[in-house]
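Everything on this sheet refers to the single structure shown next.
Atom set for the values below is all heavy atoms of this structure, side chains included, hydrogens, waters and symmetry mates excluded.
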Amino acid sequence: QVQLVESGGGLVQAGGSLRLSCAASGRTFSSYTMGWFRQAPGKGREFVAAISWSGGSTYYADSVKGRFTIARDNAKNTVYLQMNSLKPEDTAVYYCAAGSRSTYYGRRISPLDYDSWGQGTQVTVSS
């Protein structure tokens with residue numbers, strides 16, 4: 001398994017931006033599908049975005065499409081989530097997750113298909 005550490009969360013006003021980072025340990029980062037999920041209080045873990053092992057393909061939840069961008073730098077073992085035009089309903093703990101190379105072409109929106117998780121970073125958007 002790969003170890004994941006998220007950073008970059010915080011408090012921002014509605015309409016603002018944040019960039020989350022997720023640093024991974026291990027030499028095989030480039031073989032993983034990477035995903036971002038979020039969990040608001042009292043709710044289940046929700047898919048946000050996924051990126052294929054090469055970075056050539058990305059997929060987004062409808063709720064964030066056009067506002068969030070997922071990217072990865074395999075040389076730095078890091079995946080990013082750029083969040084623009086933030087809304088109060090984006091408030092949640094954000095988690096990055098790693099899945100197998102095939103996860104992206106399968107059930108990439110399901111938390112069950114990801115094997116490794118970070119500890120999460122809080123994002124709070126005030127109105």
Report task. Calculate, to the nearest 0.5 Å, the distance between atoms SG and CD belonging to Cys96 and Glu6 respectively. Result -> 4.0 Å
Requested in this report: Treating Ile, Leu, Val, Met, Phe, Trp and Tyr as nodes and any side-chain heavy-atom pair under 4.5 angstrom as an edge, say whether Phe68 and Ile109 lie in one connected cluster.
Outcome: no
**Report entry** Taking every non-hydrogen atom, the tightest pair across Gln119 and Val5
**Finding:** OE1-CA, 3.7 Å
Query raised in the report: Given the rule that I, L, V, M, F, W and Y join up when any side-chain heavy atoms are under 4.5 Å apart, are Val125 and Leu18 in one cluster?
Result: yes
Query raised in the report: Taking atom OG1 of Thr121 and atom CG of Leu81, what is their separation to the nearest 0.5 Å?
Result: 11.0 Å
Requested in this report: To the nearest 0.5 angstrom, please state how far the CG atom of Asp73 sits from the OH atom of Tyr80.
Outcome: 5.0 Å
Query raised in the report: What do you reckon, is CD of Gln13 surrounded by more than 12 foreign heavy atoms closer than 6.0 Å?
Result: no
Query raised in the report: Ser17 and Asn84: which non-hydrogen atoms are nearest, and at how many Å?
Result: OG-OD1, 2.9 Å
Query raised in the report: Does Glu46 reach the side chain of Ser63, with side-chain heavy atoms less than 4.5 Å apart?
Result: yes
Requested in this report: Please go through Leu11's hydrophobic cluster and name the other residues, only I, L, V, M, F, W, Y counting, with side-chain heavy atoms under 4.5 Å joining them.
Outcome: none
Query raised in the report: Would Val93 end up clustered with Trp117 when hydrophobic side chains under 4.5 Å apart are linked, directly or stepwise?
Result: yes
Query - Residue Gln3 excluded, over 12 heavy atoms near CD under 6.0 Å - result: no
Report task. Specify the closest pair of heavy atoms between Leu4 and Ala24, including all atoms of both residues, with the distance to one decimal. Result -> CD2-CB, 3.6 Å
Report summary line: OG of Ser52 to OH of Tyr105, rounded to nearest 0.5 Å, is 4.5 Å
Query raised in the report: Counting distance only, does the side-chain N/O of Tyr104 pair as donor-acceptor with the main-chain N or O of Thr58 below 3.5 Å?
Result: yes
Query - Thr91 and Arg38: CA distance, side-chain angles, deciding distance, side-chain contact (heavy atoms from CB on, under 4.5 Å) verdict - result: CA-CA 9 Å; Thr91 295; Arg38 66 188 181 186; over 6 Å; no
Report task. I would like to know whether Met83 and Val123 meet side-chain contact (heavy atoms from CB on, under 4.5 Å); could you show each step before the answer? Result -> CA-CA 10 Å; Met83 306 186 294; Val123 171; 3.8 Å; yes
**Report entry** side-chain hydrogen bond (donor to acceptor under 3.5 Å, both in side chains) partners for Lys65, two or more places apart
**Finding:** Asp62
Query raised in the report: Which pair of non-hydrogen atoms, one from Thr28 and one from Ser31, has the smallest distance, and what is that distance?
Result: O-OG, 2.6 Å
**Report entry** Nearest-0.5 Å distance that lies between atom CG in Asn77 and atom CE in Met34
**Finding:** 9.5 Å
Query raised in the report: Backbone N or O of Ala97 within a donor-acceptor pair of the Ser116 side chain at under 3.5 Å?
Result: no
Query raised in the report: Do the non-hydrogen side-chain atoms of Arg72 and Phe29 ever get within less than 4.5 Å of each other?
Result: yes
Requested in this report: First locate atom CH2 of Trp36, then atom CZ of Phe47, and finally report the distance between them rounded to the nearest 0.5 Å.
Outcome: 12.5 Å
Query raised in the report: Between Phe37 and Tyr114, what is the ring plane arrangement, given parallel below 30°, perpendicular above 60°, and tilted in between?
Result: perpendicular
Query raised in the report: Of all heavy-atom pairs between Tyr94 and Val48, which one has the smallest distance, and what is that distance?
Result: CE2-CG2, 4.3 Å
Query raised in the report: How far apart are the closest heavy atoms of Ala14 and Ser127, and which atoms are they?
Result: CB-CA, 4.4 Å
Query raised in the report: Is the shortest heavy-atom distance from the side chain of Val79 to the side chain of Tyr32 under 4.5 Å?
Result: no
Query raised in the report: Taking the side chain from Thr103 and the backbone from Asp113, do they hold a donor-acceptor pair closer than 3.5 Å?
Result: yes
